[in-house]
Amino acid sequence: MEYVLYNSLTKNPNKDEILKTFYENPHCLIKDVTTLDYKEFFENLAIDDTVTILGGDGTINYLINAVDQKIVNSVYLIPTGTGNDFFNDVKEDEDTKKILLNPYLDNLPTVEVKGIKKKFINGIGFGIDGYCCEEG
């Protein structure tokens with residue numbers, strides 16, 4: 001089975017057109033990541049299920065921090081985020097429409113701030129820029 005996870009909050013104007021192609025495929029189950037428990041979702045997949053994520057940097061960030069175990073299913077990314085910085089950094093050429101995300105999910109760096117640990121894949125911020133630009 002192919003699962004398509006999309007981020008309904010993205011501001012990318014192409015999101016709906018890309019999502020429409022999956023609605024036309026009867027072998028796809030489509031789920032909104034804003035209402036999905038990633039950890040539970042991945043724990044209940046069959047080994048041969050595939051997952052395609054329609055989203056961007058925020059969607060990937062949520063995924064890597066919500067799933068504790070190694071993801072064994074093939075997970076693809078089609079960039080429908082607002083900026084898609086990660087996708088644009090790793091795509092092979094201008095014709096690349098999707099990437100296999102799994103090779104990038106292992107051994108991610110972790111940062112801990114005030115006792116909260118988070119993994120990151122292409123960038124990290126923890127609010128210091130807000131202090132630097134604060135008026136007063």
Side-chain angles (χ1 to χ4, degrees):
M1 177 65 67
E2 179 178 7
Y3 291 89
V4 176
L5 309 180
Y6 75 99
N7 183 345
S8 62
L9 300 177
T10 185
K11 295 176 179 68
N12 187 313
N14 299 323
K15 165 193 68 175
D16 293 331
E17 187 174 321
I18 294 168
L19 187 58
K20 181 181 171 186
T21 64
F22 289 102
Y23 275 118
E24 296 167 355
N25 182 343
H27 302 289
C28 289
L29 282 172
I30 300 169
K31 297 185 176 283
D32 184 346
V33 297
T34 64
T35 62
L36 183 72
D37 180 328
Y38 268 134
K39 183 176 167 85
E40 181 181 331
F41 172 78
F42 278 98
E43 286 175 350
N44 291 306
L45 290 179
I47 193 75
D48 59 343
D49 288 341
T50 62
V51 178
T52 299
I53 295 177
L54 306 180
D57 300 330
T59 308
I60 300 168
N61 179 62
Y62 184 72
L63 167 74
I64 64 174
N65 284 290
V67 179
D68 293 339
Q69 74 276 8
K70 179 178 172 134
I71 297 174
V72 295
N73 302 85
S74 293
V75 179
Y76 296 92
L77 174 68
I78 296 176
T80 60
T82 305
N84 302 307
D85 292 328
F86 175 78
F87 180 84
N88 290 323
D89 285 345
V90 301
K91 69 182 180 181
E92 293 182 16
D93 56 49
E94 290 301 314
D95 295 330
T96 301
K97 302 291 184 222
K98 75 177 183 178
I99 60 165
L100 180 64
L101 197 53
N102 297 70
Y104 303 100
L105 301 179
D106 292 334
N107 303 315
L108 291 171
T110 303
V111 68
E112 183 174 350
V113 177
K114 293 189 175 186
I116 299 171
K117 289 184 181 181
K118 294 285 185 174
K119 295 180 228 171
F120 60 99
I121 194 164
N122 69 321
I124 184 166
F126 49 90
I128 195 149
D129 53 338
Y131 290 111
C132 296
C133 299
E134 198 172 279
E135 290 185 34

Using a 3.5 Å cut-off and no angle test, enumerate the donor-acceptor pairs between side-chain atoms of residues 22-31 and protein atoms at least two apart in sequence or in another chain.
{"residue": "N25", "atom": "OD1", "partner": "H27", "partner atom": "N", "Å": "2.8"}

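Note that CG of N7 and CG of L19 are 11.0 Å apart. Values are rounded to the nearest 0.5 Å. In this structure, I60 CD1 and I121 CD1 are separated by 5.5 Å, a value rounded to the nearest 0.5 Å. Put simply, CG on L5 and CG on L77 are 11.0 Å apart, with the number rounded to the nearest 0.5 Å. Rounding to the nearest 0.5 Å places CG of D106 at 7.5 Å from CG of L108. Taking NZ of K117 as the start and CG of N65 as the end, the distance is 12.5 Å to the nearest 0.5 Å. In this structure, the separation between NZ on K119 and CG on L105 is 8.5 Å, given to the nearest 0.5 Å.
In this view, T96 and D93 satisfy the side chain to side chain donor-acceptor pair (under 3.5 Å) rule, not counting sequence neighbours. In this structure Y3 satisfies the ring pair (Phe, Tyr, Trp, His ring centres under 6.0 Å) test together with F41, sequence neighbours excluded. Partners of K98 by side chain to side chain donor-acceptor pair (under 3.5 Å), not counting sequence neighbours: none found.
Within the 4.5 Å cutoff, no side-chain heavy atoms of I71 are placed close to those of V51.
The two residues S74 and L100 have their closest heavy-atom pair at CB-CD1, 4.1 Å. Across K91 and N88, no two heavy atoms sit closer than the pair NZ-OD1, 3.5 Å. Pairing each heavy atom of N73 with each of A46, the nearest pair is ND2-O, 2.7 Å.
Applying the side-chain hydrogen bond (donor to acceptor under 3.5 Å, both in side chains) test to residues at least two apart or on different chains, none of the pairs has a partner in residues 9-21. Applying the ring pair (Phe, Tyr, Trp, His ring centres under 6.0 Å) test to pairs two or more places apart or on separate chains, those with a residue in residues 43-90 are Y38-Y62, F86-Y104.
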